[in-house]
Trainee: 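Before I ask anything, let me first share the structure, which is written out below as structure tokens.
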Amino acid sequence: MIITLKVPSIACEVCANTITKAMENYDPQGQISVDVGTKIVSITTSKTVHEIKKVIMEVGHTIED
């Protein structure tokens with residue numbers, strides 16, 4: 001499943017790297033893409049949307065509904 005989320009708290013590549021590393025640790029088989037310009041995170045994963053949102057929020061980011 002592909003999950004696409006708007007993460008307005010992404011400000012720079014460091015933010016993107018933080019989210020990427022957290023997702024890679026949580027779901028090593030998943031594939032993540034973070035677009036800093038549009039603040040969009042796309043994840044191909046078998047995890048649920050709730051689980052993905054929780055990981056992103058745990059590293060200090062906000063998610064737009």
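Just so you know, residue 1 is the first one in the sequence shown, and it goes up from there. Only this structure's heavy atoms are used, side chains among them; waters, hydrogens and symmetry mates stay out. Here the structure is a predicted model, which means the values were calculated and not measured.
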Trainee: Enumerate donor-acceptor pairs with a distance under 3.5 Å from any side-chain N or O in residues 12-23 to protein atoms, sequence neighbours excluded.
Mentor:
{"residue": "Asn17", "atom": "ND2", "partner": "Glu13", "partner atom": "O", "Å": "3.3"}
{"residue": "Thr18", "atom": "OG1", "partner": "Val14", "partner atom": "O", "Å": "2.9"}
{"residue": "Thr20", "atom": "OG1", "partner": "Ala16", "partner atom": "O", "Å": "2.8"}

Trainee: How would you list, by chain and number, every residue that makes a side chain to side chain donor-acceptor pair (under 3.5 Å) with Thr45, sequence neighbours excluded?
Mentor: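 For Thr45 the side chain to side chain donor-acceptor pair (under 3.5 Å) partners, ignoring immediate neighbours, are Asp27.
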Trainee: To the nearest 0.5 Å, tell me how far Glu24 CD sits from Gln29 CD.
Mentor: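 If we round to the nearest 0.5 Å, Glu24:CD and Gln29:CD are 11.5 Å apart.
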Trainee: List, one per line, each side-chain donor-acceptor pair under 3.5 Å for residues 48-56, sequence neighbours excluded.
Mentor:
{"residue": "Thr48", "atom": "OG1", "partner": "Glu51", "partner atom": "N", "Å": "3.1"}
{"residue": "Thr48", "atom": "OG1", "partner": "Glu51", "partner atom": "OE1", "Å": "3.2"}
{"residue": "Glu51", "atom": "OE1", "partner": "Thr48", "partner atom": "N", "Å": "2.7"}
{"residue": "Glu51", "atom": "OE2", "partner": "Tyr26", "partner atom": "OH", "Å": "3.1"}

Trainee: Of all the heavy-atom pairs spanning Met1 and Lys47, show the shortest one and how long it is.
Mentor: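 Shortest heavy-atom contact: CE-O, 3.3 Å.
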Trainee: Run the side chain to side chain contact (heavy atoms under 4.5 Å, CB included) test against Thr38 and tell me which residues pass, sequence neighbours left out.
Mentor: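 Thr38 satisfies side chain to side chain contact (heavy atoms under 4.5 Å, CB included) with Asp35, Ile40 once adjacent residues are dropped.
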Trainee: List, one per line, each side-chain donor-acceptor pair under 3.5 Å for residues 58-65, sequence neighbours excluded.
Mentor:
{"residue": "His61", "atom": "ND1", "partner": "Ser9", "partner atom": "OG", "Å": "2.7"}

